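First up is the structure itself, then whatever we jot down about it.
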Amino acid sequence: AVAASSLADLQSNVVFMAAFWAWLYAQVLKVFTTFYRERVWDVRVLFESGGMPSSHTSLVVGLTASVALTQGLGSVLFPISLAYALIVMYDAAGVRRHAGKQAQVLNVVVEELFQGHALNEGQLKEVLGHTPLQVFFGAVLGVLVAVLYVKKYAGV
């Protein structure tokens, strides 16, 4: 009974649901943007990081926008969620993106160094972060979903 009421609490939490739907829409959109770019349907992108749009950004911006709409800009929660969103977006377009570029270089170095030798290690994952454009569209999607969801379910 506790689990059912907890799930019902989450489902009735407009801020949570707006952020969740922003994340989910971004993940699903990645299937279509990947098809557009590569001309191949690949549902594995639903479970991978990177890609267009940034689902991490959609989630945190959806959260921040829904907090702003339901609690107001003067609430204690707004600057906390805004700071969180800015950190996540900076990380997605900065730190994780550069880590992916370093992984590309390391994969080339390892391949050249061990050419002709058996190597048990797999390659490093190269798509870790996002381009600024992917982060931007993740943010746009987050705001759009939050505004529509809050308007429909909270009447704001």
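Model, not experiment: these values are computed from the prediction.
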**Message:** As an exercise, state the distance from CG of L148 to OH of Y153, rounded to the nearest 0.5 Å.
**Reply:** 11.0 Å
**Prompt:** Shortest non-hydrogen contact from S58 to L141?
**Reply:** OG-CD2, 3.7 Å
**Prompt:** How close do L69 and A146 get, heavy atom to heavy atom, and via which atoms?
**Reply:** CD1-O, 4.1 Å
**Message:** Keeping S55 on the side-chain end and A26 on the backbone end, is there a donor-acceptor pair under 3.5 Å?
**Reply:** no
**Request:** Assess whether atom OH of Y84 is packed by more than 12 heavy atoms of other residues, nucleotides or ligands within 6.0 Å.
**Result:** no
**Request:** Group every Ile, Leu, Val, Met, Phe, Trp and Tyr by side-chain heavy-atom contacts under 4.5 Å, then state whether V76 and F78 land in the same group.
**Result:** no
**Asked** So, W21 versus F16, ring centres under 6.0 angstrom or not?
**Response** no
**Request:** Give the ring-plane orientation class for W41 versus F35, where under 30° counts as parallel, over 60° as perpendicular and anything between as tilted.
**Result:** parallel
**Prompt:** Among the clusters formed by ILVMFWY side chains lying less than 4.5 Å apart, do V61 and L133 turn up in the same one?
**Reply:** no
**Request:** Please report the shortest heavy-atom distance between P53 and F137, naming the atom on each side.
**Result:** CB-C, 3.9 Å
**Closest contact, heavy atoms only, V31 versus D42** = CG2-O, 4.2 Å
**Request:** Search all heavy atoms of S81 against all heavy atoms of L63 and return the closest pair with its distance.
**Result:** CB-CD2, 4.2 Å
**Prompt:** What's the spacing between L86 CG and D91 CG if we round to 0.5 Å?
**Reply:** 12.5 Å
**Message:** Quick check with a 6.0 Å cut-off and a 45 degree axis cone: is R39 positioned over the face of Y36's six-membered ring?
**Reply:** yes
**Asked** Between N13 and V15, which heavy-atom pair has the shortest distance, and what is it?
**Response** OD1-N, 3.1 Å
**Message:** For residues V143 and V14: do they belong to one hydrophobic cluster (side chain heavy atoms under 4.5 Å, members Ile, Leu, Val, Met, Phe, Trp, Tyr)?
**Reply:** yes
**Message:** How long is the straight-line distance from OG1 of T34 back to CD of E48, given to the nearest 0.5 Å?
**Reply:** 8.0 Å
**Message:** If hydrophobic clusters are built from ILVMFWY residues whose side chains come within less than 4.5 Å, do V140 and V67 share one?
**Reply:** no
**Message:** According to a hydrophobic-cluster definition based on side-chain heavy atoms being under 4.5 Å apart (Ile, Leu, Val, Met, Phe, Trp, Tyr only), do M52 and F47 belong together?
**Reply:** no
**Asked** Does G50 offer a backbone N or O that forms a donor-acceptor pair with the side chain of K30 under 3.5 Å?
**Response** yes
**Message:** Using 0.5 Å steps for rounding, measure from the CG atom of L82 to the CG atom of L77.
**Reply:** 12.5 Å
